[in-house]
Amino acid sequence: MLDVSGIRSMHLKHFGDDPRVFLAPGRVNLIGEHTDYSGGFVMPAAINFGTLAAVSRRRDGRTEIWSENVGERAAFAPEEMPGKRDGRWWDYPLGVAWALREAGVEIPPYSLTLQGDVPLGAGLSSSASIEVATAVALLSLSGAEMPREQVAKLCQRAENVYVGASCGIMDQFIACNGKEDHALLLDCRSFEFRLAPIPRDAGLVIANTMVKHSIAGGEYGIRRREVEEGTAILQRHRPGIRMLRDATPEDLENWGAEMPDPVLRRCRHVITENLRTVAAADALEAGNLRKLGDLMAAAHVSYRDDFEASCEEADVMVEAAQRLRGLIGARLTGGGFGGCTVNLVEQRHAEEFADGLAEQYRARTGIQPEIYRCHASAGAHAVEEPG
Ligand code: ADP
Ligand code: MG
């Protein structure tokens with residue numbers, strides 16, 4: 001649970017100053033997986049789990065950061081500021097400060113308190129939420145204005161270059177630009193986006209498999225290389241294909257035979273996923289939830305069979321959902337190999353759906369899952385103290 005007055009008093013206790021407080025959300029991706037880094041389409045929603053960042057200026061030149069989640073303080077005198085990653089949690093906020101400074105923002109010495117309720121490492125992007133919360137907090141301290149799109153890009157740069165984790169733009173973009181009760185269709189090349197309303201009678205039920213297979217990090221890189229390899233083959237025939245997002249199913253029919261087997265299937269996933277994602281936004285805008293659910297189901301099959309980024313536990317969770325009353329659509333969300341499934345559910349059945357899903361998953365895997373009933377929420381913003 002996020003606790004705004006709690007983080008204020010915590011900040012005061014640790015640092016002796018009254019802070020300004022900001023919130024950036026985690027996200028759930030409804031559809032469009034592994035499409036962002038090849039310039040394609042994604043459709044996430046920000047969720048009502050996020051990270052609070054409380055910030056105040058320091059007069060002693062030091063930088064101090066407290067994470068309530070870790071229960072640890074990172075403290076640096078000016079001459080001790082790490083110039084590169086330590087492989088620790090503070091890489092995320094320090095990476096953001098680094099990226100902002102590289103972009104010319106002057107950040108004064110600061111105290112920062114962080115507290116999040118996005119489960120860490122579960123595929124709901126606690127990383128983007130800590131980055132964007134830190135970015136808006138530090139920007140406010142420095143008095144600099146920056147368009148949201150640039151904030152997202154700098155946070156992505158912090159994660160790619162400073163933290164050293166490869167990721168596309170989706171997570172940071174939605175943490176910046178989410179809107180209450182809306183999903184966001186993003187063109188990851190042009191950064192154009194469109195908000196599509198999620199009807200009030202449809203609920204988001206996120207189911208944490210509680211597993212993250214250790215291959216996830218390595219496989220992410222392998223998938224990116226496979227996608228690049230396939231793109232290069234198509235480009236030889238049709239130079240108009242600048243990124244895989246430009247390729248069509250016909251291109252794959254014409255030249256897919258030149259690709260080694262896994263590469264062909266990886267590209268087929270990405271190409272069809274882009275089509276599904278745009279169709280999903282159209283369906284949501286038209287209020288056609290049945291169509292959206294079918295697209296989510298097809299996306300899971302493609303992610304599982306062509307992209308081979310699912311895992312047994314996630315497949316069990318998706319299959320279990322399909323047998324429960326109220327389901328509109330279910331699929332594994334996020335980078336793959338574990339993490340969470342996203343379920344779009346008729347609101348009036350959401351409670352029994354959540355209970356039934358937990359029960360079935362536990363019966364079939366022996367693992368007690370965590371189920372989060374969420375709603376689409378706003379992007380990063382300042383928070384006022386209640387009352
Ligand atoms: P995900 O983004 O799916 O949650 P990542 O591995 O990308 O998973 O990011 C998780 C990491 O982000 C954590 O291991 C931790 O280092 C960092 N992090 C996120 N939130 C916090 C927080 N409130 N305090 C400290 N570190 C955090
Ligand atoms: Mg992450």
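The first residue of the sequence shown is numbered 1, and numbering continues consecutively from there.
- The list of salt bridge (Lys or Arg N to Asp or Glu O under 4.0 Å) pairs with a residue in residues 209-222, not counting sequence neighbours, reads Glu219-Arg223.
- Scored by the side-chain hydrogen bond (donor to acceptor under 3.5 Å, both in side chains) test, Arg276 finds Thr272, Glu273, Ser302 as partners (sequence neighbours excluded).
- Within the structure, the ring pair (Phe, Tyr, Trp, His ring centres under 6.0 Å) test picks out the following pairs touching residues 263-291 (sequence neighbours left out): His269-Tyr303, His269-Phe307.
- Electrostatic pairing of Asp315 and Arg364 does not count as a salt bridge here, judged by no charged N lying under 4.0 Å from a carboxylate O.
- For the residue pair Thr277 / Asn274, no side-chain donor-acceptor distance below 3.5 Å is found, with atom types taken as modelled.
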### Task
Test side chain to side chain contact (heavy atoms under 4.5 Å, CB included) on Val136 and Met146 and set out the steps.
CA-CA 9 Å; Val136 292; Met146 189 178 275; over 6 Å; no

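- When only modelled atom types and interatomic distance are considered, Trp90 and Asp86 share a side-chain donor-acceptor pair under 3.5 Å.
- When all heavy atoms of Gly164 and Arg85 are compared, the pair lying nearest together is CA-NH2, 3.8 Å.
- Contact check on Glu106 versus Arg101 returns no salt bridge, with no Lys/Arg side-chain nitrogen under 4.0 Å from an Asp/Glu carboxylate oxygen.
- Note on residues 344-378: pairs passing ring pair (Phe, Tyr, Trp, His ring centres under 6.0 Å), not counting sequence neighbours, are Phe49-Tyr372.
- Residues satisfying the side-chain hydrogen bond (donor to acceptor under 3.5 Å, both in side chains) test with Gln115, not counting sequence neighbours, are none.
- Annotation: ring pair (Phe, Tyr, Trp, His ring centres under 6.0 Å) contacts involving residues 203-222, sequence neighbours excluded, comprise His34-Tyr220, Tyr37-Tyr220.
- Residues meeting the side-chain hydrogen bond (donor to acceptor under 3.5 Å, both in side chains) test with Glu68, sequence neighbours left out: Trp66.
- Transitive grouping of hydrophobic side chains (ILVMFWY, heavy atoms separated by less than 4.5 Å) brings Leu23 and Met10 into a common cluster.
- Identified under the salt bridge (Lys or Arg N to Asp or Glu O under 4.0 Å) test for residues 146-163, with sequence neighbours left out: Glu102-Arg157, Glu149-Lys153.
- Sorted by first then second residue, the salt bridge (Lys or Arg N to Asp or Glu O under 4.0 Å) pairs that include residues 192-207, not counting sequence neighbours, are Asp181-Arg200, Arg194-Asp282, Arg194-Glu285.
- Judged as a side-chain hydrogen bond (donor to acceptor under 3.5 Å, both in side chains), and not counting sequence neighbours, the contacts of His11 are Ser56, Thr113.
- Under the 4.0 Å criterion applied to side-chain N and carboxylate O atoms, Arg290 and Asp294 are not assigned as salt-bridge partners.
- Within the structure, ring pair (Phe, Tyr, Trp, His ring centres under 6.0 Å) pairs that include any residue of residues 144-164 comprise Trp98-Tyr162 (at least two apart or interchain).
- Taking the charged nitrogens against the carboxylate oxygens, Asp187 and Arg245 do have a contact shorter than 4.0 Å, which makes a salt bridge.
- Glu346 and Arg325 are not joined by a salt bridge, as no carboxylate oxygen comes within less than 4.0 angstrom of a charged side-chain nitrogen.
- Judged as a salt bridge (Lys or Arg N to Asp or Glu O under 4.0 Å), the pairs with a partner in residues 37-61 (not counting sequence neighbours) are, in order, Asp17-Arg59, Arg58-Asp60, Arg58-Glu64.
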### Task
Would you sort out whether Cys340 and Val28 count as a side chain to side chain contact (heavy atoms under 4.5 Å, CB included), showing the intermediate values?
CA-CA 9 Å; Cys340 293; Val28 67; over 6 Å; no

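- Shown here is Glu80, whose CD atom has more than 12 heavy atoms of other residues, nucleotides or ligands within 6.0 Å.
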